[in-house]
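Comments concern the structure below.
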Amino acid sequence: MSNSSAQSSNFIRHIIDQDIANGKNDGKVVTRFPPEPNGYLHIGHAKSICLNFGVARDYQGQCNLRFDDTNPEKESQEYIDAIKKDVQWLGFNWSELRHASDYFEKLYEYAVELIKLNKAYVCSLNAEDIRKQRGTLTEPGIESPYRNRNIEENLELFADMRAGKYKEGEHVLRAKIDMGSGNINLRDPVLYRIKYATHPRTQDKWCIYPMYDYTHCISDSLEGITHSLCTLEFEDHRPLYDWVLDELKTPSHPQQIEFARLSVEYTISSKRKLNLLVSDKHVDGWDDPRMPTISGMRRRGITPESIREFCDRIGITKKDAFIEMSVLENCIREDLDPRSNRLMCVINPLKVVIENYPDDKEEEFTAKNHPKDPEQGKRSIPFSKIIYIERDDFMEEPTKDFFRLGSGKEVRLRNAYDIKCTDVIKNDMGEIVELLCEYDPDSAGKNKKKLKGIIHWVSAKHAINVETRIYDRLFNTPNPGAVEDIISTLNNKSLSIHKDSKIEPHAKTITLEDRVQFERQGFFCLDSKHTKEKLVFNRIVTLRDSWTKPGQASKK
RNA sequence: UGGGCCGUCGCCAAGUGGUAAGGCACCGGGUUUUGAUCCCGGCAUUCGUAGGUUCGAUCCCUACCCGGCCAGCCA
């Protein structure tokens, strides 16, 4: 669990502390989380959610959930619903639920106001001409020939735009600022455009829609937002945010503060690209357990607690940062380790016959469900002559640093006997199909041989057949976002399905809400989408492994 | 070569005029029937570079260098 009393501070909290000390906003703190409903939320949004809701919580303020729904062509109710679910699942409750579309009428009135102030005009250039006249990074733009239309004409044209008298692209409302500005956002930015699209909420009421820059600042003001926190790419937009609020008589003038967006190694957080993976079926939907989406992480079994802790640890700064996967993984393990029941599951089974064990004998061993927490109780594990062990736990000619089972070698079966491998049986292809072993009848629960190797096992007769799904990083490169063709960097081993995994009978008690540890392998949970008659387990995260397999390069 | 932002250990990140917190990673050691957990220890004479101010600079000033961001009728 996150230690909220040790909440790390950051430059935004310092600013808020200052504001409160100065009595700004009457000491109130109001934030908002403003997603566009054009896709599912991902780990990057989690950072923003934790920041905005976290700040509101810690300063006894408010945080609204506001959908930035000004582009009906890309937005949908499906996304709105999914986003609400994800925010709540992460553990946050919004003070008020709003939509930018709630303000369309008000926004329109303000636009009329801007025209009357001679600060906005209807421009009849087409999109391409506007682009050409915007200039470049090093050359100033050219003023539109429509820039000096008189106020009456602008008012009439704008009203007619709303009334649907024009086609898409025929006119646009622009702010009258400065075509020579070094900041391109100030070169008479478009405020409204015509779109004959059905909006998820306002349906066909409108055919003109306000642009982000114009909408966001006014929405913030109308909601009494005090600190409008957004990512770095909006830094250049702040002068425009301030310009709109300075020109108009809005209720307040919130302060926009920008912070660095989150980048995690081996993932992407571009909704466009995530959407591509989904629509081209490279993954099993937005909630594929390999996806960096909130819903994907949820299905994977990652807890909201770990995600919140992760967001706490990475901090809030203005520095573009790349976070290593290990930070997230560590948060997950820290959360899961103390609360997960232990179980033995053989993912990739190898049959073992214990030759000196009586044919029909069965025994029950008792094992702790958690090595350090007696509260989690005990369970019994059946043992018999034929068992399965992990293929990776046997090496025919073991290297010196391999202390599991090998030909002629002895190993301890976790919670049971010590066994020694006496023979290896292979098929025609030369593949190992079975091991013959001998057990030491006096070794259970004892430690007379001080064996270093301890492996997990499952009694063949009692095993439940389950499917295990082992996930690896979705991409092969640390920064897939920088790769042109995202598909080419997909890791084709990111999912491996083991349909014949064997687990001890106690697995019957596992519910969809549980997270468990398969000893020596990692933390797992049931897959909500595939578990029906058959149990399907997702690997959430591996256990830390300080041993690098022989013949394999270090994972670094 | 326009505007704006950033630069403290491999990856994050505190500190901001008085002589470098913490986490992850990594490396040792201890406990352990999970090569897990847990525990103990190690890990920046140095804060992009070069000057300057100062008794003293990561922190102030100047210049330079590196790296992102911006030319949607997207957000």
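The chains referred to below are lettered A, B, ... by the order of the sequence lines, with proteins before strands, and numbering in each begins at 1. Since we're looking at a predicted model, the values are computed, not measured.
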Give one of base, sugar-phosphate or nothing for [X], where a contact means two heavy atoms less than 4.0 Å apart.
{"X": "A/Thr70", "result": "sugar-phosphate"}
{"X": "A/Arg544", "result": "sugar-phosphate"}
{"X": "A/Leu413", "result": "base"}
{"X": "A/Ile455", "result": "nothing"}
{"X": "A/Lys195", "result": "sugar-phosphate"}

- Task: Provide the distance between the two P atoms, one in B/rC38 and one in B/rG23, to the nearest whole Å.
- Result: 13 Å
- Between B/rU32 and B/rU45, how far is it from one P atom to the other, in whole Å? 38 Å
- Message: Can you list, in residue-number order, the parts of residues 337-350 of chain A that come under 4.0 Å of RNA chain B, counting heavy atoms only?
- Response: A/Asp337, A/Arg342
- Query: Is the base of B/rU34 touched by the side chain of A/Gln521 through a donor-acceptor pair closer than 3.5 angstrom?
  - Reply: no
- Note: for A/Arg193 and A/Lys318 on RNA chain B, the residue whose nearest nucleotide lies more 5' is A/Lys318
- Would you please confirm or rule out a distance under 4.0 Å between OP1 or OP2 of B/rG35 and any side-chain N or O of A/Ser546? no
- Query: Hey, is A/Tyr212 doing a stacking thing with B/rA75, by the 5.5 Å centroid and 30° angle criteria?
  - Reply: no
Polar atoms only, N or O, under 3.5 Å: list the protein pairs with nucleotides 69-72 of chain B and their distances.
residue	atom	partner	partner atom	Å
B/rA71	O2'	A/Arg134	NE	3.4
B/rG72	OP2	A/Arg134	NH2	3.1

- Message: If you compare all heavy atoms of A/Gly180 against all heavy atoms of A/Pro140, which two are closest, and at what distance to 0.1 Å?
- Response: CA-CB, 3.9 Å
- Has A/Lys165 got more than 12 heavy atoms of other residues, nucleotides or ligands less than 6.0 Å from its NZ? no
- Query: Starting at the 5' end of RNA chain B, what dot-bracket string do you get if Watson-Crick and G-U pairs under 3.5 Å are bracketed, crossing pairs use [ ], other-strand pairs use | and unpaired bases use dots?
  - Reply: .((.(.((.[[[..)..(...]]].(((((.......))))).....[[[[[..)....]]]]]).).)).....
